[in-house]
Each structure stands twice: as structure tokens, then as C-alpha cells.
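Beneath this line is the structure, given in C-alpha cells, with notes to follow.
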Amino acid sequence: MAGALAGAGIVWQTPANPPEAQDYIFRNGRRYVRPYYFEFISHVKNRWAGKTIVDLFTEEFKGRPREYYIDAVKRGRLQVDEQMVHADYFVKSSQKISHFLHRHEPPVLGGNIVILQNEFDVVTVCKPASVPVHPCGQYRKNTVVGILQAEHELTPLFPVHRLDRLVSGLLIFAKSADRAECFRQQIEANLLQKEYVAKVVGVFPEGELTVDANVKFNAREGRSTVEVSDGPGEALPSGKQACTKFQRICTDGNHSIVLCKPVTGRIHQIRVHLKHLGYPIANDELYLSGNFCPRSSKGTSIRRPASSLSSDPDCGAEADAEFDIDPLCTNCPDLAPVGYDGDEEGLWLHCVRYTGPDWCYECPYPDWASLDNVSRKKMKS
């Protein structure tokens, strides 16, 4: 910890600090992480060199206003090579920059992570929707890996496969690097079969349908598109080859439960292939229509630090009972970070089974995968 902040009475965390059970707060069906002080470390890239430290952070990290970064430099919350600098300091290539801040993680749905099998070298769990598998972006403790460590002391864990944050279902973790390597070799040899269930719009056709269409992911928009060649003379698809097999399980005339077997593993493959067929996942706002909000615009709203929001001493009283308010924090006094409205739900897409050469792991079906029995009989008659 830098000497300039040593007397502040603050415990600064890094990725080495393990999550603990008391780090979580449950409120209104959501799992929150108690905000904590965290040291973000980065090194000056060549394209950053020659900029002032304030200009650099204002341009590259737009989630906070320029005034915040000026104040952070003055207070030693932004340091270069573990030393305080002035706001007009010009950074040099490869220098270490430490950003000490009050970290607020986005909330996730409050469901438990159910352990399905806990074997000598493998553990399988049922992942709730909305929870990332491992630390990424703004998520560190509010992840499957973090929660399993905090609540079940399961560490280290090596994810055998991943599920999108909004997808629920089976997750397989190896408990050792050797077991993880064994799984990796089986995946590389294309020896694994994957099965999901989805709830889609409309009456899905009977029989097996196969979609063999390239998928191209746009990282800026956070969504994929299907690309197919229209025939001779047309440009070849530039996306990655992707194949998914689908089969209807049941329908009630308005929605269908569909078994999905991805042969490949592209980003949003099942979601975009179902849309391509004309049967999108029934609550998938990203692919139900052309109106969507690019991922890059989420969570980037800014406001002034809590200390300048109000002179009312009761401002944020509810939050203050559960965590300390930081006067420089642009998220306090709220528990969630600015830009998250709290209405996010999970997708109706659930991983139910993974099968390998000599093993098979399964996960129970979710509640939404059960349609009315009377409706099923009507559709069959």
C-alpha cells in the first residue's frame, strides 16, 4: 500500500484478497457486494505516453467526470509508481499507475449456487442466471467462482466451460490444473456433447432442425449476427462457422420448450440461431427486435461524488447502516453502481447436460421449462 494513504484507516484490497461470506448483502431478491476499497493497477501503454494523468483517465475511463480524477490525484487516489503526482504530470510508457477507489459491484439475482456433485477432482453446480462465471469487468466477488470460495471454501477452481452471464444451468469445474487439462484435450478433440433448453416464441416445428450458419460477434454492440451466403457471386460470410441442432420438447400454442444441441461454441450461438429460424428466446430483449442498447453504453452514467450531492445528513442512511460511505466515491450512497436499474432478469436459456467419453453431468430443468400439461395434449391431438 502506498505510503501517502497509509494513515487513512482504509484497508485496500487487490485480487489476492479472497471473497468472504460477510461480503454479500441480500436485498429485494438481489445479491449485492458490500462496497470495498480496491487498488486497480495498470501500466502505461505506448499510446497513453505523453498525456497528463488527468487527461489520460478522462479520455480512457469515461465512467467518472474529469473533476473526480483531478480530486483523486490531489488526494493520492491516483498514483504513478507508488508516488503522488500533480494533475499536470505527464505519464511515461510502462509506468505503473495505481487507482485506489471505492468499488461497487453490480448486483446479481439472489438465487443460491446449488452444488450438484462434489467429487475428488470435479465439482458441478447449477449456476443462477445473471451471475458471471469468473471475475470480469466490474464483477469480482459477485461471480460463481467468488461465491463458491466465500460460501463453500472451494478453491482453486478451473472452469471447464463457460455460460453467458444471463444463462443459467450446469457448470463444471476441475479442482486441479491436471484435471482441467484433461477436459481441455477432450474439448479440443470435439468429444463433448452439450445440451440446453430454451423457451421460445411460437410453435416450434416438430422433428430435428439443424442450423449451419456462420456467427459474427460485434464486441462493441455486445451481440452476434448470422451470416449466410446468398449464392454464387455473393461475398462469403466472414463470421465463424457455427452449427446447432434443435428439437421441440413441448408447446402450449404460444411458446415452445426446445432442446438445443450446439455442435460449435460461438458467442450467443443458440440465441442468434433461434432468431434466425424465427423462434427467438421469449424474453431475449437483445434479439427479439432491432431496438437494443449497445453494451458499451451501460453502466457509464456519471454524477458528482456523494459529498456534493446533498447537505442532508440523512442522505444514504439506509446504505450507511451496511457499509461506509466514501466522500470521493461517485457511486455512494447507493449500494449498486450508477447505471444499473436493477430490473435485469435471466434468459430462458438453461444448460442441462454435458457428456464426455466416459462421463455425464446433468442439471435439473428450471421452473420456466414446464408448460401446461393440458396445452401440451391439445397440441398433440
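Everything numeric here is computed off the predicted structure, so don't read it as measured data. Just so it is clear, the values below take in all heavy atoms, side chains as well, and ignore hydrogens, waters and symmetry mates. All residue numbers refer to positions in the sequence shown, counting from 1.
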Q) Charged N to carboxylate O under 4.0 angstrom, R31 versus E151? A) yes
Q.
Can you confirm whether or not the ring centre of F38 sits under 6.0 Å from the ring centre of F40?
A. yes
(Q) With a 6.0 Å cut-off (strictly less than), is the heavy-atom count around CZ of F26, excluding the residue itself, greater than 12? (A) yes
Q. Under 4.5 Å between any side-chain heavy atoms of C329 and L101, yes or no?
A. no
Q: Taking atom CD of E153 as the centre, report whether more than 12 heavy atoms of other residues, nucleotides or ligands fall under 6.0 Å from it.
A: no
**Q.** Y279-L259 co-clustered via ILVMFWY side chain contacts under 4.5 Å
**A.** yes
Q: Could you walk me through whether L286 and H268 pass side-chain contact (heavy atoms from CB on, under 4.5 Å), step by step?
A: CA-CA 10 Å; L286 190 61; H268 295 186; 3.8 Å; yes
**Q.** Aromatic plane relationship, F57 with Y69 - under 30° parallel, 30 to 60° tilted, over 60° perpendicular
**A.** tilted
(Q) Can you give me the closest heavy-atom contact between H161 and I172, atom names plus distance? (A) NE2-N, 3.2 Å
(Q) Check the orientation of H102 and Y37. Use parallel for under 30°, tilted for 30 to 60°, and perpendicular for over 60°. (A) tilted
Q) Are the aromatic rings of F61 and H99 close, with centres under 6.0 Å apart? A) no
Q.
Can you confirm whether the side chains of Y361 and E119 place a donor and an acceptor under 3.5 Å from each other?
A. yes
Q | Check: Q22/E20 side-chain N/O donor and acceptor closer than 3.5 Å | A | yes
Q: Answer yes or no: does atom NZ of K245 have more than 12 heavy-atom neighbours from other residues, nucleotides or ligands under 6.0 Å?
A: no
Q: Using the ring of F246 (Phe, Tyr or Trp, six-membered ring only), decide whether R248 places NZ or CZ under 6.0 Å from its centre and within 45 degrees of its axis.
A: no
Q: Mark yes or no for whether N283, through its side chain, and W348, through its backbone, hold a donor-acceptor pair below 3.5 Å.
A: yes
Q.
Are there over 12 heavy-atom neighbours, none belonging to K261, within less than 6.0 Å of that residue's NZ?
A. no
Q) Can you list every pair that meets side-chain hydrogen bond (donor to acceptor under 3.5 Å, both in side chains) and has a residue in residues 194-204, with sequence neighbours left out? A) E195-R353
Q: Sequence neighbours left out, what passes salt bridge (charged side-chain N to carboxylate O under 4.0 Å, His left out) with K141? Give chain and number order.
A: D23
Q: Run the salt-bridge test on R30 and E345 with the 4.0 Å N-O cut-off and return the result as yes or no.
A: yes
Q. Looking only at side chains, do T264 and Q241 share a donor and an acceptor under 3.5 Å apart?
A. no
Q: Take the angle between the ring planes of H273 and H276 and call it parallel below 30°, perpendicular above 60°, tilted in between.
A: tilted
Q. Does H86 reach the side chain of Y89, with side-chain heavy atoms less than 4.5 Å apart?
A. yes
